[in-house]
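Below is one structure; the comments refer to it alone.
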Amino acid sequence: MNYQKLKGTVDLLPEETRKWQFIEDKARDLMRAYQFNEIRTPMFEQLELFARGVGETSDIVTKEMYDFRDKGDRHIALRPEGTAGVVRAYVENKLYGPEFHKPTKLFYMGPMFRYERPQSGRQRQFHQIGVEVFGSRNPSVDVETMVLGMDLFKQFGITDLKLVINSLGSTETRQTYREELIAYLEPHLNELSKDSQVRLYKNPLRVLDSKDKKDKEIVKDAPSILDYLDEASKAHFEAVKGMLEELDIPYIIDTNMVRGLDYYNDTIFEVITTNPKFGANATVCAGGRYDGLVEEVGGPSTPAFGFGCGLERLVLLLEHMDFDYPELNPLDAYIVTMGDRADRAANKLAQVLRQNGLSVEREFMNRKAGKQFKTADKLNADYVFTLGDQEIDNGIVQVKRLSTGIQTEVSLTELALRFDETYSSLIRSTEKGEE
RNA sequence: GCGAUUGUGGCGAAGUGGUUAACGCACCGGGUUGUGGUCCCGGCAUUCGUGGGUUCGAUCCCCAUCAGUCGCCCCA
C-alpha cells in the first residue's frame, strides 16, 4: 500500500518553507507596527459556532465544512475561517473587560479547512492570516485595518492591487434591499442563468456578482444597496471614503460586491490582485465590519472589524513576480573529512564552531575530497575546514575561504580556547590581499 | 456536487499495438590515489498512477478507480 496525502493538502518541503517563514516573519513585523497582538485559537470547535457565525445558508456550512463526531459524540468542525473562533475566545475569556485596552486588536495566522475541490490558489487545508478589532465603531478602525490589509502585500513590493469597497448597511437595510432586489430580478427569472435562478431566493445578493455574461447584463441596472443605507450607515461610509482619500489610497466602489459570510454589516472590502497571471481566485484579502457577531456568540454588544488573507495566494502572487527570497539558512562552514580519525575529529570541530554561533555542515558520506569541496561550493559555504590524518597529527585544520580561494592553517586548540581572536584573524588572513 | 485536461526514472521530457522504453538535469563512481563551479567515461525505469478488460501480444485501445492541474458552484 502506498500512502499519499489527502486531496487538497500539500507537503511544504524545505524549498517552500523557507519562503513561508520569510513571509510569516515579515507579516509579524507588520502586525507589531500596527500594534496587533497574536491570538491562537483551536483548529477545531463545536460545529455550531461556525454554523451560527458563518450563516446557516452559506455553502460553507451546508457542504464545505470539514466536520466529524468525536468519541464523546460531540459534533466538531475544523475551522473554515478564523473569525468565529477568535470571537468565541474574545467572549469566553472576557477580553471585553475594563482592564483591556480598547479597541482590542488581534491577529492570527494558521491553517483553515474547507471541503472543496482544489484549484489554483484553493486547497482543503489552506492558511490565512487575519486580524480582528473589537470595541470601536470609529470609521478610522475600518480604514486603518484596510490599510493594514494593503500593507501586507505592499511590503513585498506587490503593486498590482486594487482596493474594492462597499457598504452593506444595517440588518434592516439588507432586508429591505433584498426584497427590492428580488422584485427587480423576478421579471427576468427566465433570462437568468441556472445558477442565478437558484440564487435568487436563496441568496439574491450573489446574483450581483455572477460571472455569467447575461446575468451581468441584467444586473447592470439593478438597484444599488447604497441607495438604501440609513443615515448612520451613509455617514459611516462617507467617513471611510473621505479618510481613504486623505491617505491617498485609491479605491473602487463596487456596489455589487457581496460577502460569503452572513455576519457583515456596513463597510466590506476586498484586496484583489490585477496580476494577469492570476486565475479565477484573484481576491487575496477580504473582510469588513461585523458589529453583531460578538453578541450573537454570547458576549456583550461589541462592534468589530476584521479581515482574512489567503497565504497560499500571497505565495502564488510572489511566485508570479519572481520574488527574490533571501537565504534564511546560510552556511558558514563545511567540514571536509578524510578517514575515520577525521570523521571523529569533525564531530568535535563542528560543535566548537556551532557553540560559537556558526552554522555548520560536515561530510557524512566519506566521499573523496574533491566531491566534498564540490558540495561545499554548491551549498555556498563561506569556509571549508579540511581534516585529514596530517592535520590531526599536527593538531591543526586547513581552512579555505571559497570566495577568495585562500587557504590557511589554524590550530584546533586555539580555535577551541580563544575562538573570537582566532576566527577573526582567520577572516583577515583569507581576505583577498592587495596585489 | 459538475465539467475539461493530464498521470512514463529523484526531476524535466520523447515514444510505439510487437521483442533492448530516447534524451536532458540531478545524483553516484572513475579519469584527477587530499581541495571547489570545465571536460571526458561509466552507473542509475524487469517498467510506463492503480485495478480490470480487449488482444497471440498493451506504456500505447476500452472501462473503472485514485491523484494532479484548470474552470463552475462557493470562496481567502
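Naming: A, B, ... by sequence-line order, numbering from 1 per chain. Everything numeric here is computed off the predicted structure, so don't read it as measured data.
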- Side chain of A/Phe126 - closest among B/rU35, B/rC75, B/rA76: B/rA76

- Rounded C1' spacing from B/rG49 to B/rC66 in Å: 8 Å

- Task: Select base, sugar-phosphate, or nothing to describe what A/Cys309 touches, counting heavy atoms under 4.0 Å on all strands.
- Result: nothing

- How is A/Glu312 classified with respect to the nucleic acid when contacts are heavy atoms under 4.0 Å: base, sugar-phosphate, or nothing? nothing

- For residues A/Tyr115 and A/Phe113, establish whether the separation of their ring centroids is below 6.0 Å. no

- Shortest side-chain distance from A/Glu116, nucleotide among B/rA67, B/rC27, B/rC74: B/rC74

- Proximity to the side chain of A/Lys368 - top-ranked nucleotide from B/rA76, B/rU32, B/rC73: B/rU32

- Query: Can a side chain N or O of A/Arg199 be found less than 4.0 Å away from OP1 or OP2 on B/rC73?
  - Reply: yes

- Message: With a 4.0 Å limit, can you tell me whether A/Arg114 has a side-chain N or O closer than that to the phosphate oxygens OP1/OP2 of B/rC74?
- Response: no

- Round to the nearest Å and state the distance from A/Leu13 atom CG to B/rC11 atom C1'. 13 Å

- Under a 3.5 Å limit for both distances, which nucleotide forms a Watson-Crick or G-U wobble pair with B/rA67, could you say? B/rU6

- Message: When the P atoms of B/rG3 and B/rU20 are compared, how many Å lie between them, rounded to an integer?
- Response: 42 Å

- Note on the structure: Residue pair A/Leu6/A/Ala286 against RNA chain B: nearer the 5' end by closest nucleotide is A/Leu6

- Task: Consider the side chain of A/Arg206, meaning its heavy atoms from C-beta on, and name the nucleotide among B/rG29, B/rG36, B/rC74 that approaches it most closely.
- Result: B/rC74

- Of A/Arg313 and A/Lys374, whose nearest nucleotide on RNA chain B comes first from the 5' end? A/Lys374

- Note on the structure: Regarding the side chain of A/Ser120, the nearest nucleotide among B/rG71, B/rG36, B/rA67 is B/rG71

- B/rU35 base to A/Gln407 side chain: any donor-acceptor pair below 3.5 Å? yes

- Message: Looking only at the side chain of A/Thr283 (C-beta and beyond, no hydrogens), which of the listed nucleotides B/rG36, B/rA76, B/rC66 gets closest?
- Response: B/rA76

- Message: For a quick check of understanding: with a heavy-atom distance under 4.0 Å over all strands, which category does A/Gln372 fall into, base, sugar-phosphate or nothing?
- Response: nothing

- Take atom CG of A/Leu205 and atom C1' of B/rC74, then tell me their distance rounded to the nearest Å. 15 Å

- Task: When you get a sec, tell me which of B/rG36, B/rA76, B/rU69 is the closest nucleotide to the side chain of A/Pro118?
- Result: B/rU69

- Task: Apply the side chain to side chain contact (heavy atoms under 4.5 Å, CB included) test between A/Leu415 and each candidate in A/Ile396, A/Val410, A/Val399; give the one that qualifies.
- Result: A/Val410

- Value in whole Å for how far the C1' atom of B/rG36 lies from CD1 of A/Ile335: 17 Å

- Message: What is the separation between atom CZ on A/Arg124 and atom P on B/rC75, rounded to the nearest whole Å?
- Response: 17 Å

- Task: Determine, step by step, whether A/Thr408 and A/Leu426 satisfy the side-chain contact (heavy atoms from CB on, under 4.5 Å) criterion, reporting the C-alpha distance in whole Å, the side-chain angles of both residues, the deciding distance to 0.1 Å, and the verdict.
- Result: CA-CA 8 Å; A/Thr408 182; A/Leu426 168 64; 3.5 Å; yes

- Message: Please give the distance between the P atoms of B/rG15 and B/rG9 as a whole number of Å.
- Response: 16 Å

- Using purine N1 to pyrimidine N3 plus N6-O4 or O6-N4 for Watson-Crick, or N1-O2 and O6-N3 for G-U wobble, each under 3.5 Å, what pairs with B/rG1? B/rC72

- Note on the structure: pair_partner(B/rA22), Watson-Crick or wobble, both distances < 3.5 Å, evaluates to none

- Message: Taking B/rA22 as the reference, what is the distance to B/rU16 when you measure between their C1' atoms (whole Å, please)?
- Response: 12 Å

- When we call it a touch if two heavy atoms are under 4.0 Å apart, what does A/Gly287 touch: a base, just sugar-phosphate, or nothing? nothing

- Item | Residue among A/Lys213, A/Lys220, A/Lys214 satisfying salt bridge (charged side-chain N to carboxylate O under 4.0 Å, His left out) with A/Glu217 | A/Lys220

- Would you check if there is a donor-acceptor pair between the side chains of A/Arg18 and A/Gln21 at a distance under 3.5 Å? no

- Considering non-hydrogen atoms only, spot the tightest contact between A/Thr41 and A/Arg79 and give its length. O-NH1, 3.3 Å

- Message: Regarding A/Lys211, tell me which of base, sugar-phosphate or nothing describes its non-hydrogen contacts under 4.0 Å with the strands shown.
- Response: base

- Query: From B/rG71, B/rG36, B/rG29, pick the nucleotide closest to the side chain of A/Arg367?
  - Reply: B/rG29

- Message: Classify A/Ala376 by what it touches in the nucleic acid, base, sugar-phosphate, or nothing, heavy-atom distance under 4.0 Å.
- Response: nothing

- Could you tell me whether the phosphate oxygens of B/rA67, OP1 or OP2, come under 4.0 Å of any side-chain nitrogen or oxygen in A/Lys5? no

- Message: Students often get this wrong, so: under 4.0 angstrom with heavy atoms, is A/Arg122 touching a base, only sugar-phosphate, or nothing?
- Response: base

- Message: For A/Thr83 and A/Glu132, which I'm curious about, is there any donor-acceptor pair between the side chains at under 3.5 Å?
- Response: yes

- Item | Separation of atom CG in A/Asn366 from atom P in B/rG29, rounded to whole Å | 11 Å

- Task: Say whether A/Thr274 and A/Asp160, considering side chains only, have a donor N or O and an acceptor N or O under 3.5 Å apart.
- Result: no

- Message: Roughly how many Å apart are B/rG17 and B/rG12, using the P atom of each and rounding to a whole number?
- Response: 25 Å

- Message: Can you tell me the base-pairing partner of B/rU35? Count Watson-Crick or G-U wobble geometry only, both distances below 3.5 Å, and say none if there is no partner.
- Response: none

- Query: Is there a Watson-Crick or G-U wobble partner for B/rG17 with both distances under 3.5 Å, and which nucleotide is it?
  - Reply: none

- At under 4.0 Å between heavy atoms, what does A/Gly130 touch on the DNA or RNA strands: base, sugar-phosphate, or nothing? nothing

- Task: Determine the interatomic distance between C1' on B/rU32 and the same-named atom on B/rC40; round to the nearest Å.
- Result: 12 Å

- Query: With a 3.5 Å cut-off and no angle check, do the side chains of A/Ser425 and A/Arg428 form a donor-acceptor pair?
  - Reply: no

- Query: A/Glu270 pairs by salt bridge (charged side-chain N to carboxylate O under 4.0 Å, His left out) with which of A/Arg313, A/Lys162, A/Arg259?
  - Reply: A/Arg259

- Distance between P atoms of B/rC61 and B/rA14 (Å, rounded): 16 Å

- Item | Protein-nucleotide distance (A/Met338, atom CE; B/rG36, atom C1'), rounded to Å | 13 Å

- Given that both distances must come in under 3.5 Å, which nucleotide forms a Watson-Crick or G-U wobble pair with B/rG42? B/rC28

- Query: Given B/rC66, B/rU35, B/rC72, which nucleotide is nearest the side-chain atoms of A/Phe373?
  - Reply: B/rU35

- Query: A/Lys7 side chain: which of B/rC72, B/rA67, B/rG34 is closest?
  - Reply: B/rA67

- Give the rounded distance in Å between these two atoms: CG of A/Leu379 and C1' of B/rG37. 13 Å

- Item | Sugar-phosphate, base or nothing in reach of A/Gly8, heavy atoms under 4.0 Å | sugar-phosphate

- Quick one: A/Asp377 CG to B/rG37 C1', roughly how many Å, whole number? 5 Å

- Within the structure, does a side-chain N or O atom of A/Gln119 lie under 4.0 Å from either OP1 or OP2 of B/rG71? yes

- Query: What distance, rounded to whole Å, do you find between the two C1' atoms, one in B/rU59 and one in B/rC48?
  - Reply: 4 Å

